[in-house]
Amino acid sequence: MWVLLRSGCPLRILLPLRGSWMSRRGLPRNLAPGPPRRRYRKEALPALEVPVLPVTATEIRQYLRAHGIPFQDGHSCLRAPSPFVGASKLKDQTGATTSFSLFIDKTTGRFLCMTSLAEGSWEDFQASVEGRGDGAREGVLLSEAPEAENSEEVRRIWDRAIPLWELPEPEEAQLARVMFGLTKVTDDTLKRFSVRYLRPARSLVFPWFSPGGLGLRGLKLLGAEDQGGRVHYVETTIPRPGSYHNLFGLPLINRRDVEVVLTSRELDSLALNQSTGLPTLALPRGTACLPPALLPYLEQFRRIVLWLGDDLRSWEAAKLFARKLNPKRCSLVRPGDQQPSPLEAVNQGLNLSRILRTALPAWHKSIVSFRQLREEVLGELSNVEQAAGVRWSRFPDLNRLLKGHRKGELTVFTGPTGSGKTTFISEYALDLCTQGVNTLWGSFEISNVRLARVMLTQFAVGRLEEQLDKYDEWADRFEDLPLYFMTFHGQQSIRTVIDTMQHAVYVYDICHVVIDNLQFMMGHEQLSTDRIAAQDYIVGAFRKFATDSSCHVTLVIHPRKEDDDKELQTASIFGSAKASQEADNVLILQDRKLVTGPGKRYLQVSKNRFDGDVGVFPLEFNKNSLTFCIPPKSKARLKKIKDDNGLVAKKPSSGKKGAMSQISETCSGQAPNPCQPDLSKPSR
Ligand SMILES: Nc1ncnc2c1ncn2[C@@H]1O[C@H](COP(=O)(O)OP(=O)(O)OP(=O)(O)O)[C@@H](O)[C@H]1O
């Protein structure tokens with residue numbers, strides 16, 4: 001595949017840790033290519049590539065009309081004649097015209113020519129239309145996409161893999177079928193989808209063919225491990241997940257097909273296609289994301305059924321993806337006892353066509369009745385744990401209070417100047433990110449390089465300065481996290497920041513945005529009343545974004561200047577009471593070093609809209625790894641706080657009186673006196 005020079009930005013995903021028989025890239029050691037080549041990039045960090053001026057669908061239409069370019073309006077793209085196809089190529093093998101083979105994404109303006117596979121940004125397209133260099137107009141494409149460098153490796157693995165039924169030992173084939181749950185999937189189905197088996201890695205191999213059957217672009221290896229009676233699947237892709245854009249099953253789609261079922265796993269697609277005969281496609285990275293680069297391939301379908309899995313996460317992903325695909329053509333299969341994942345349904349002997357008929361339309365008007373909501377409410381009630389969100393692995397006490405990290409919520413985080421807010425929130429977000437929560441960082445105060453250094457240290461749980469030989473290993477793993485950084489530094493307008501966040505949600509399926517900190521969007525208002533009004537407006541904008549985009553926003557806000565020895569409360573957040581009213585959660589990093597000695601902090605949850613549990617727990621700081629943990633020998637433990645007067649629960653009880661016993665919630669809801677936030681520290 002070829003891309004224009006300015007196009008493309010990396011996508012990232014967490015790969016599960018691999019067993020020792022795997023090389024660093026997850027391939028069997030005897031198949032791994034020689035010493036790892038180090039790729040140098042202009043941008044070391046996965047910074048968000050946001051168009052300078054975001055384009056709207058109306059502007060794209062106006063531009064095309066103004067330049068006399070005919071177009072057709074599609075579900076998520078506009079179709080136009082491609083300037084990247086020579087006249088001789090305008091007929092494909094079936095003789096049909098391919099003159100409208102350019103797909104322009106209505107939200108981002110990015111284009112893809114389905115015939116030549118040229119792609120680029122809206123600016124690239126305009127430049128080519130106006131003949132402004134890049135050679136794009138003449139179809140001279142400037143650089144080779146990175147996956148080409150993997151082609152040898154891909155070919156080598158593919159050639160060593162064989163169809164399951166050609167395995168010499170029938171027992172081995174049977175074992176593989178059992179491990180992958182394929183006992184009811186026929187050889188015919190595996191053959192149709194060109195699935196092979198790689199013996200040394202004991203993995204299924206799913207190919208990624210170029211559209212039009214032009215060759216092999218990549219592979220996905222699926223290994224299965226037995227973990228105490230449960231099968232744990234391990235995926236490895238070539239190229240890396242960020243560039244792995246395979247819609248598995250695409251070669252089997254006929255250009256006249258108008259309906260398709262989207263699944264999150266290749267195995268589900270096999271099962272569905274076999275038992276219903278319907279066209280099926282599997283998403284490249286499951287429920288983690290639907291990259292817009294795939295949307296052109298889905299334009300031909302008038303109806304898309306999303307059957308992504310059997311849990312609440314799959315359901316939420318299905319709703320998000322339907323927005324991108326145009327909800328009016330989407331239906332969703334709701335997870336439930338009688339509606340497991342497609343492969344499981346086949347194995348249980350269920351009727352998959354009947355399940356597909358129960359799919360719910362994704363689109364409804366802005367007013368809904370309980371009848372439309374009842375299925376969703378049932379979903380939440382029967383998956384209580386998942387409804388509570390993703391749980392932190394490093395902060396069990398946070399799970400006890402907040403229960404988890406949920407989409408669509410707004411968390412306000414505050415703490416005294418220099419108390420470690422950035423350091424803590426970095427670990428708090430990293431923890432979620434390592435569990436697959438696609439995260440976008442807006443660090444306006446400290447540079448992205450410095451932030452990434454803190455995060456990498458926290459990720460490796462130790463100082464990398466002293467073990468530079470391990471740097472590449474950790475950096476490789478870190479690079480695979482679904483983590484992005486906005487490139488802003490210093491003051492920014494809220495409009496630009498929200499536009500960037502919207503772009504990131506669309507392109508990278510971001511579920512968590514961290515803004516450090518709000519004061520950098522406040523402009524230069526001098527009067528305190530203007531500052532309060534500006535902050536209220538900004539908080540309102542983030543609140544609306546979180547709800548509308550079903551994305552969690554964590555917003556760091558400085559406290560008002562108060563006496564150093566006074567504890568902070570909800571009312572200490574700078575500005576009016578709007579921030580705490582709009583927030584679903586309020587977290588305060590209490591800096592009680594005077595009482596507890598250096599390094600010790602307390603995290604207080606002073607508002608929790610999900611279930612009302614508030615409380616406080618101690619955190620100990622490790623200066624080497626820049627991480628926080630619960631002090632091992634401390635008698636002070638998590639305390640749930642009922643109200644100003646008393647505790648409702650504590651586990652186990654605290655020893656000392658003092659440190660935490662006075663901390664109590666005083667969420668008065670009254671606007672505190674406006675005064676300046678503590679912005680004494682300059683940007684770093
Ligand atoms: N509990 C702690 N004990 C001692 N040092 C800490 C602790 N937490 C963080 N630090 C260190 O203090 C410094 C400042 O931390 P950080 O930037 O996270 O604070 P902050 O509250 O975000 O600051 P600001 O108010 O300027 O935004 C960092 O060098 C960090 O490593």
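All ligand and atom numbering here is 1-based and tracks the order in the structure.
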inquiry  = Less than 4.0 Å is my threshold; does some heavy atom of S419 fall inside it relative to ligand 1?
reply    = yes

query = Taking all non-hydrogen atoms of both residues, which atom of T487 and which atom of N448 are closest, and how far apart?
reply = CA-ND2, 3.9 Å

note = Under 4.0 Å from one or more heavy atoms of P416, ligand 1 contributes atoms 21 (O)

task = Under 4.0 Å from a heavy atom of T423: give me the atoms of ligand 1 that qualify, with their elements.
result = 9 (C), 15 (O), 16 (P), 18 (O), 30 (C)

ask   = Are C511 and H405 close enough that some pair of their side-chain heavy atoms sits under 4.5 Å apart?
value = no

ask   = Listed by chain and number, what are the salt bridge (Lys or Arg N to Asp or Glu O under 4.0 Å) partners of K319, not counting sequence neighbours?
value = E376

task = May I ask you to check if ligand 1 and F621 share an N or O to N or O distance below 3.5 Å?
result = no

query = Do K623 and ligand 1 have an N or O pair less than 3.5 Å apart?
reply = no

ask   = Counting each atom of ligand 1 from 1 as listed, which ones have a heavy atom of H558 under 4.0 Å away?
value = 25 (O), 27 (O)

query = Under a 4.0 Å heavy-atom limit, does K421 contact ligand 1 with its side chain, its backbone, both, or neither?
reply = both

ask   = Should you measure from each heavy atom of T417, which atoms of ligand 1 turn up under 4.0 Å away?
value = 25 (O)

inquiry  = Could you tell me, atom by atom, which parts of ligand 1 come under 4.0 Å of a heavy atom of R601?
reply    = 1 (N), 2 (C), 3 (N), 7 (C)

ask   = Are the aromatic rings of Y471 and F478 close, with centres under 6.0 Å apart?
value = no

inquiry  = Once you restrict to heavy atoms under 4.0 Å, what part of F628 touches ligand 1? Side chain, backbone, both or neither.
reply    = side chain

inquiry  = Quick one, L398 and Y428 - any side-chain contact, counting heavy atoms below 4.5 Å?
reply    = yes

key: Residue list, side-chain contact (heavy atoms from CB on, under 4.5 Å) with R313, at least two apart or on another chain   = D311, V390, V437

message = For R453, is the CZ atom crowded, meaning more than 12 foreign heavy atoms sit under 6.0 Å from it?
response = no

